[in-house]
**Q** 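Sending over a structure as structure tokens; questions will come in a sec.
Note that these values count all heavy atoms, side chains included, but never hydrogens, waters or copies made by symmetry. Residue numbering restarts at 1 for every chain, and letters A, B, ... go by the order of the sequence lines.
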Amino acid sequence: MGFFSKLKDLKEGLTKTRKQFVEKIENLVSFTKQIDEDFFEELEEILIQGDVGVNTSMELVEKLRAQVKARKIEDPAELKAVLKELVREILGEETESLNLTGQPLSIFVVVGVNGVGKTTTIGKLAHKLKAEGKKVILAAGDTFRAAAIDQLEIWGNRAGVDVIKHNEGADPAAVAFDAVQAARARKADCLIIDTAGRLHTKTNLMEELKKVRRVIEREIPGAPHEVLLVLDATTGQNAVQQAKIFGQAAGVTGIALTKLDGTAKGGVVISIKAELDVPVKLIGIGEGMEDLRLFDAREYAEALFE
Amino acid sequence: MAVFEGLAEKLQNTFKKLRGKGKLTEADIKEALREVRLALFEADVSFKVVKSFENKIKERCMGREILESLTPGQQVIKIVNDELTELMGGTQSKITIASKPPTVVMLVGLQGAGKTTTAGKLANLLRKQGRRPLLVAGDVYRPAAIKQLQVLGQQLDIPVFSMGDGISPVAIAKGAIEYAQSNGRDLVIIDTAGRLHINEELMDELKNIKAEVKPHEILLVVDAMTGQVAVEVAETFNNQLGVDGVILTKLDGDARGGAALSIKAITGRPIKFAGMGEKLDALEPFYPDRMASRILGMGDVLSLIEKAQASFDAEQAQKLQTKLRNAEFTLEDFLDQMQQMKKMGPLESILEMLPGIGNKQMKEFKEQIDEKEIARTEAIIKSMTPEERRNPAILNGSRKKRIARGSGTKIQEVNRFLKQFEQTRAMMKQFAGMEKKMKKTGGKGFKLPFFGK
Ligand SMILES: Nc1nc2c(ncn2[C@@H]2O[C@H](COP(=O)(O)OP(=O)(O)O)[C@@H](O)[C@H]2O)c(=O)[nH]1
Ligand SMILES: [Mg+2]
């Protein structure tokens with residue numbers, strides 16, 4: 001069966017909201033005798049309540065409306081399946097994976113606003129890649145936040161991978177440069193660079209990020225192979241803005257959606273995919289080392305409406 | 001971005017549709033409220049809150065406040081903004097100080113909300129107010145969280161109490177209070193680990209800390225970017241722990257911050273401070289009115305409304321008032337006022353100048369206003385020469401005939417209007433004298449001589 005039976009940790013985390021979300025839809029469907037305007041409006045509200053966002057919700061309901069007409073659906077119960085289909089359509093059918101094809105090494109840069117879970121995600125990802133037989137090196141590029149370097153080092157220890165660091169306050173681009181040299185010398189397969197959290201509205205900090213990127217590009221052609229934007233699932237519509245601006249400044253290739261073990265759910269994922277077409281690649285479902293999964297859009301949509 | 005752009009415009013368009021109709025139908029209001037609702041959703045205001053808010057607005061709109069307005073769209077936005085501001089509450093950027101020190105403050109919230117940084121900022125702020133803070137490293141779970149607080153303490157030169165991460169936060173909190181007592185620290189700020197509101201074990205841990213140290217303030221730290229879940233988070237923390245106030249972080253970004261409204265509406269607890277940056281002095285008092293217009297996201301429209309009101313400048317107001325008192329108010333002034341009113345909306349602007357008119361009377365007046373009559377009256381005055389407007393006494397039969405023709409009215413209507421104008425002028429003069437009396441009696445029972453329905 002699906003996603004949730006396969007990933008039992010995730011199941012536990014997701015069940016609660018899934019229940020609320022699905023229950024709401026089910027209630028709506030079963031208490032409605034007739035597909036009318038109020039029904040569509042209510043459906044739209046349910047989506048909005050799941051952080052899907054106004055535009056995407058309206059779009060989905062618009063499409064649903066068209067389907068109802070085209071397929072001459074009269075039974076509200078059928079609508080659930082149609083809606084699931086539509087969401088899945090937005091999320092994409094195929095599974096995304098991380099680009100590890102770099103030669104001699106693949107470089108990942110992890111970016112995002114403050115507190116979303118960048119460092120934690122890096123720790124988990126290092127563990128995951130190492131378990132897959134890759135040699136991983138981490139770079140402590142958050143030289144700004146107090147003890148951020150220590151935090152990454154602890155994760156490096158947990159995962160059993162090296163961490164390249166400078167002192168607090170050092171230039172993150174210099175850390176990146178050194179890390180690339182070290183990764184090359186130590187014949188690593190993958191270098192993951194942590195960065196300081198920054199609000200996308202701070203232009204000077206976004207410039208700093210571009211500089212880190214330029215350094216990497218210069219050292220390894222084709223790098224960075226992934227620029228992962230970490231988004232907190234509890235974030236509302238501002239996540240779309242984050243995806244947009246980080247995308248422009250750092251060339252985001254994928255999203256890691258964290259804290260899905262809470263009750264805030266994937267609605268924002270649908271919204272971001274629909275509006276920016278940036279794929280979600282990873283999901284964080286807890287604070288432990290194992291709590292990271294590849295995002296599977298199809299299973300996710302399936303699970304959400306199961 | 002597509003989501004945010006054009007919303008104000010969309011609203012304006014909806015409201016434009018409302019403008020100029022004689023009567024506002026329920027369907028019109030419904031449509032306008034839908035736009036308001038969407039604006040709030042885009043700002044991440046929680047669903048429940050939007051719903052109840054919407055009902056409140058509906059009531060106020062149904063209370064005909066929009067019907068009489070000449071620019072209903074602006075009126076609605078103003079109503080919405082006023083209601084939002086009220087809902088956000090007043091400024092309360094204070095911490096309860098214990099009569100017997102130390103005052104104990106405990107910061108709680110989800111992971112990544114900004115508790116540790118906020119602990120440092122709060123200590124810094126309260127030290128400036130003469131307190132002697134002690135920071136307590138109670139996050140024993142997140143790697144290097146203790147170190148983070150220690151570094152902040154060093155930067156601020158404020159002591160940090162830690163017992164490492166091998167001991168329960170309850171014991172740490174208890175130890176910290178004893179330390180504060182014996183070291184002359186009158187303010188204890190406890191940092192706690194971020195936790196999910198649905199994690200019962202960790203919520204119990206907070207309850208245990210609370211039971212142990214009996215904090216004077218439990219402050220919920222919330223990220224301004226939080227989405228729909230905000231309401232659930234605030235509700236749970238409040239129900240389980242009893243939250244005394246909220247600190248909203250990362251407000252220096254561009255999130256509309258609807259979470260603030262949700263939290264306030266659901267918990268009734270004041271938002272006390274706002275985190276405005278990563279620096280340790282970037283903690284500011286929270287301003288509800290600013291937050292309201294930020295959530296509504298219609299700063300441009302709001303400032304337009306403000307401007308329209310201001311354009312009726314004080315000097316003019318003063319002049320007019322003098323004229324009113326001395327019954328020197330002419331038809332020319334009247335036309336001026338009518339045109340002002342058109343620009344600005346409600347008749348309020350002129351009525352407000354009348355001394356002694358309270359809200360209640362204002363409402364009564366407004367209810368008697370007939371828009372068509374206003375248009376007719378304007379046409380009549382416009383058909384007069386300036387000389388006639390200043391001195392209606394010169395209006396003889398042939399002049400009146402000309403005016404009636406020019407304004408598309410009947411000579412009887414011109415006559416009736418002139419008579420009413422004289423009566424009103426006399427009445428206005430009386431008002432000046434009645435000012436005090438009216439306040440006492442509540443001054444009921446006026447009939448506005450023109451525009452009556
Ligand atoms: N519940 C939960 N917490 C997470 C997850 N990912 C990160 N966190 C927590 O979020 C907080 C901030 O994480 P951190 O990695 O320091 O964020 P950064 O500032 O972006 O580097 C920490 O307390 C993490 O333990 C997740 O998937 N689930
Ligand atoms: Mg970090």
**Q** For the residue pair B:Leu38 and A:Glu44, what are the closest heavy atoms and their distance?
**A**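 Closest approach of B:Leu38 to A:Glu44: CD2-OE2, 4.1 Å.
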**Q** Which region of B:Asn199, side chain (C-beta onward) or backbone (N, CA, C, O), has a non-hydrogen atom less than 4.5 Å from a non-hydrogen atom of chain A, or is it both or neither?
**A**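 Contact with chain A is absent: no heavy atom of B:Asn199 under 4.5 Å.
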**Q** Heavy atoms only, distances under 4.5 angstrom: which of A:Glu168, A:Lys259, A:His200, A:Arg145 has the most pairs with chain B? Name it, please.
**A**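 Of A:Glu168, A:Lys259, A:His200, A:Arg145, A:Arg145 has the most heavy-atom pairs under 4.5 Å with chain B.
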**Q** Less than 4.5 Å to any heavy atom of chain B: does that hold for the side chain of A:Glu153, its backbone, both, or neither?
**A**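 Neither the backbone nor the side chain of A:Glu153 comes within 4.5 Å of chain B.
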**Q** Would you compute the distance between atom CD1 of A:Ile48 and atom OG of B:Ser46 and round it to the nearest 0.5 angstrom?
**A**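 One finds 12.5 Å between CD1 of A:Ile48 and OG of B:Ser46.
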**Q** Could you please state which residues from residues 146-158 of chain B sit under 4.5 angstrom from chain A, measuring non-hydrogen atom to non-hydrogen atom, sorted by number, or 'none'?
**A**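 At a heavy-atom separation under 4.5 Å, chain A is reached by B:Lys147, B:Gln148, B:Val151, B:Leu152, B:Gln155.
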**Q** Quick one: salt bridge (Lys or Arg N to Asp or Glu O under 4.0 Å) partners of A:Asp171, sequence neighbours excluded?
**A**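 By the salt bridge (Lys or Arg N to Asp or Glu O under 4.0 Å) rule, A:Asp171 matches A:Lys211.
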**Q** Considering non-hydrogen atoms only, spot the tightest contact between A:Asp150 and B:Ala144 and give its length.
**A**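 Smallest interatomic distance, heavy atoms only, reads CB-CB, 3.8 Å.
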**Q** Heavy-atom count around A:Asn204 CG within 6.0 Å, excluding the residue itself: above 12?
**A**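 Atom CG in A:Asn204 is crowded, with more than 12 foreign heavy atoms closer than 6.0 Å.
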**Q** Check this for me, if you would: do B:Arg195 and A:Glu287 make a salt bridge, where the nitrogen-to-carboxylate-oxygen distance has to be below 4.0 angstrom?
**A**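 Between A:Glu287 and B:Arg195 there is no salt bridge, as every charged N stays at least 4.0 Å from the carboxylate O atoms.
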**Q** Mind listing the closest non-hydrogen atom pair of A:Leu205 and B:Glu278 along with its distance?
**A**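 In terms of heavy atoms, the two residues are closest at CD1-OE2, 4.2 Å.
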**Q** Hey, could you give me the OG1/CD distance between A:Thr263 and B:Glu232, rounded to the nearest 0.5 Å?
**A**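 Between atom OG1 of A:Thr263 and atom CD of B:Glu232 there are 3.5 Å.
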**Q** Taking B:Gly257, B:Ala113, B:Gly114, B:Gly253 one by one, which has the highest count of heavy-atom pairs under 4.5 Å against chain A?
**A**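 It is B:Gly253.
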**Q** Measure the spacing between CG of A:Asp232 and CE of B:Met225 and express it to the nearest 0.5 Å.
**A**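 So the gap between those two atoms works out to 7.5 Å.
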**Q** Find the one option among A:Gly53, A:Gly117, A:Ala147 whose heavy-atom pairs under 4.5 Å with chain B are most numerous.
**A**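 Option with the top pair count is A:Ala147.
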**Q** Mind checking whether A:Thr235 and B:Thr226 have side chains closer than 4.5 Å, heavy atoms only?
**A**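 Result no, sub-4.5 Å side-chain heavy-atom pair not found.
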**Q** Any idea which heavy atoms bring B:Phe47 and A:Gln49 closest together, and the distance?
**A**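 Minimum heavy-atom separation between B:Phe47 and A:Gln49: CB-CG, 3.2 Å.
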**Q** Tell me the closest heavy-atom pair linking A:Val54 and B:Glu42, and the distance in Å.
**A**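 What the structure gives for the nearest pair is CG2-CG, 3.3 Å.
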**Q** So which of B:Lys48, B:Arg37, B:Gln228 has the biggest tally of heavy-atom pairs under 4.5 Å with chain A?
**A**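 The option with the most such pairs is B:Gln228.
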**Q** Given the rule in the side chain to side chain contact (heavy atoms under 4.5 Å, CB included) test, do B:Asp252 and A:Leu199 qualify, once you have shown the distances and angles that lead to the verdict?
**A** CA-CA 8 Å; B:Asp252 48 329; A:Leu199 292 178; 3.2 Å; yes
**Q** May I have the step-by-step check of side-chain hydrogen bond (donor to acceptor under 3.5 Å, both in side chains) for B:Asp254 and A:Asn238, ending in yes or no?
**A** CA-CA 8 Å; B:Asp254 61 354; A:Asn238 194 251; 2.8 Å; yes
**Q** Do A:Asp261 and B:Leu196 have side chains that get closer than 4.5 Å, going by heavy atoms?
**A**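 Sidechains of B:Leu196 and A:Asp261: in contact.
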**Q** Are more than 12 heavy atoms from other residues, nucleotides or ligands located less than 6.0 Å from atom NZ of B:Lys279?
**A**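 Open: at most 12 neighbouring heavy atoms sit under 6.0 Å from NZ of B:Lys279.
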